[in-house]
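Below you'll find the structure, written out as structure tokens, and then a few comments.
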Amino acid sequence: MHNEVRVRLTEVEAYMGDGEDPGSHAFRGQTPRTAVMFGEPGHLYAYFTYGMHVCVNVVCSPAGQASAVLLRAGEVIEGIDSARMRRLTSRSDRDLAQGPARLAVALGIPLSANGTDLATGSLRLELQPAVPTFQTGPRTGVSGPGGSTDFSWRYWIPGDPTVSPYKAAVPRKPVRGAGPTPL
DNA sequence: TATGCGATTGCCT
DNA sequence: GGCAATCGCATAG
């Protein structure tokens, strides 16, 4: 079959647990939803948000400890036709996996993939030798202290077009979480 | 049991 | 560039 889609990850975010990371789903301890985060590493943590989007994480730390890496963006390097079919709303190829929910759609990862073992399932994570250069900064969409520079756990490849523009250029302070904001 | 909000996206102006 | 859509989960009562 040729509908396999591969992406080169260009943007990720790290999330810890154990009450040390205010921005993490696992901050307040284990719940039914975050159970996977406390499980075996190398498994997928997929969750549903905003009533319509799926985001994908990879569990990192050993069982009993919660941590995950959110896959935020990537460049489609194989199966781009399949990715286009899945992402009919995307206007350009660089939008195919630009953003966590888009990435999940482009890769065809459903919410039911939560808990999947990357070592045995049809989903794979391939480690490359090295990333030449990368930048770090505050995480996106995280309010409160967790979104501040105290937790600069977003990593991306500088200048890569698949990294969302406003996220790539963050010379300013975090917009949210700086006090009561009239919305 | 009830309520508020979120690790966002896409459409509208 | 700004905002509505949409619903499961976590927290409070």
Side-chain angles (χ1 to χ4, degrees), chain A residues 7 9-39 43-61 66-76 83-115 125 135-156 161-172 174-183:
Chain A
V7 300
L9 295 175
T10 56
E11 183 183 0
V12 298
E13 280 179 7
Y15 288 88
M16 298 302 290
D18 303 317
E20 53 183 314
D21 181 1
S24 174
H25 286 170
F27 179 58
R28 294 171 200 282
Q30 183 171 344
T31 67
R33 179 173 64 150
T34 60
V36 174
M37 278 187 77
F38 289 84
H43 286 226
L44 223 55
Y45 168 48
Y47 68 92
F48 189 71
T49 190
Y50 286 93
M52 59 185 103
H53 296 306
V54 176
C55 295
V56 178
N57 300 249
V58 176
V59 179
C60 295
S61 49
S67 78
V69 168
L70 170 68
L71 311 183
R72 288 198 56 88
E75 174 198 0
V76 178
R84 285 178 185 143
M85 293 298 290
R86 290 167 174 157
R87 295 266 305 112
L88 293 175
T89 55
S90 89
R91 295 242 176 189
S92 63
D93 285 346
R94 72 158 210 183
D95 290 346
L96 289 174
Q98 183 184 66
R102 292 168 174 172
L103 181 79
V105 173
L107 288 176
I109 301 177
L111 182 58
S112 59
N114 186 38
L125 182 66
Q135 284 187 356
T136 69
R139 294 176 295 190
T140 304
V142 179
S143 58
S148 72
T149 50
D150 291 341
F151 298 89
S152 293
W153 291 346
R154 183 166 58 93
Y155 303 85
W156 70 93
T162 61
V163 177
S164 301
Y166 83 91
K167 295 166 193 163
V170 192
R172 293 168 285 187
V175 181
R176 303 175 66 177
T181 314
L183 289 177

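Every chain is numbered from 1, with letters handed out A, B, ... down the list of sequences.
Annotation for Cys55(A) and Thr49(A): closest pair SG-CG2, 4.2 Å, computed over non-hydrogen atoms. Between Arg94(A) and Gln98(A) the shortest heavy-atom distance is O-CB, 3.3 Å. Taking both residues in full, the closest heavy atoms of Tyr15(A) and Met37(A) are given as O-CE, 4.5 Å, listed atom of the first, atom of the second, then distance. Closest approach of Val36(A) and Leu44(A) over heavy atoms only: CG1-O, 3.3 Å. Ala73(A) and Leu103(A) make their closest contact through C-CD1, 4.2 Å (heavy atoms, listed as atom of the first residue, atom of the second, distance). The two residues Ala68(A) and Asn57(A) make their nearest non-hydrogen contact at CB-CB, 3.8 Å.
Without hydrogens or angle criteria, Glu13(A) side chain to Thr140(A) main chain gives a donor-acceptor distance under 3.5 Å. Not a single donor-acceptor pair under 3.5 Å links the side chain of Arg154(A) to the backbone N or O of Glu11(A). At least one donor-acceptor pair closer than 3.5 Å links the side chain of Arg87(A) to the backbone N or O of Asp95(A).
Atom P of nucleotide dC11(B) and atom CG of Leu88(A) are separated by 11 Å, given to the nearest angstrom. Atom OH of Tyr50(A) is separated from atom C1' of dA7(B) by 8 Å (rounded to the nearest Å). To the nearest angstrom, P of dA7(B) lies 9 Å from OH of Tyr45(A). One interatomic measurement links the two molecules: CZ of Arg33(A) to P of dC5(B), which rounds to 15 Å at whole-angstrom precision. If you take OH of Tyr15(A) and P of dA7(B), they are 7 Å apart, rounded to a whole angstrom. Rounded to an integer number of Å, the gap from Arg28(A) CZ to dG4(B) P is 17 Å. Following rounding to the nearest Å, Leu111(A) (CG) and dG6(B) (P) show an atom-to-atom distance of 20 Å. Counting to the nearest Å, the C1' atom of dC11(B) and the CG atom of Asp95(A) are 14 Å from each other.
Contact annotation for Gly23(A): base contact, defined as any heavy-atom pair under 4.0 Å involving a base atom. Arg139(A) comes within 4.0 angstrom of nothing in the nucleic acid, heavy atoms only. Note on Arg91(A): nothing from the nucleic acid sits closer than 4.0 angstrom, heavy atoms only.
At least one side-chain nitrogen or oxygen of Thr89(A) sits closer than 4.0 Å to the OP1 or OP2 atom of dG10(B). The side chain of Arg72(A) contributes an N or O atom lying less than 4.0 Å from OP1 or OP2 of dT8(B).
Taking a heavy-atom distance under 4.0 Å as the criterion, the stretch of DNA chain C touched by chain A extends 5' to 3' from dA5(C) to dT11(C).
Where DNA chain C pairs in unbroken runs of 3 or more (Watson-Crick or G-U, both distances under 3.5 Å), the stems are B:1-6 with C:7-12, B:8-12 with C:1-5.
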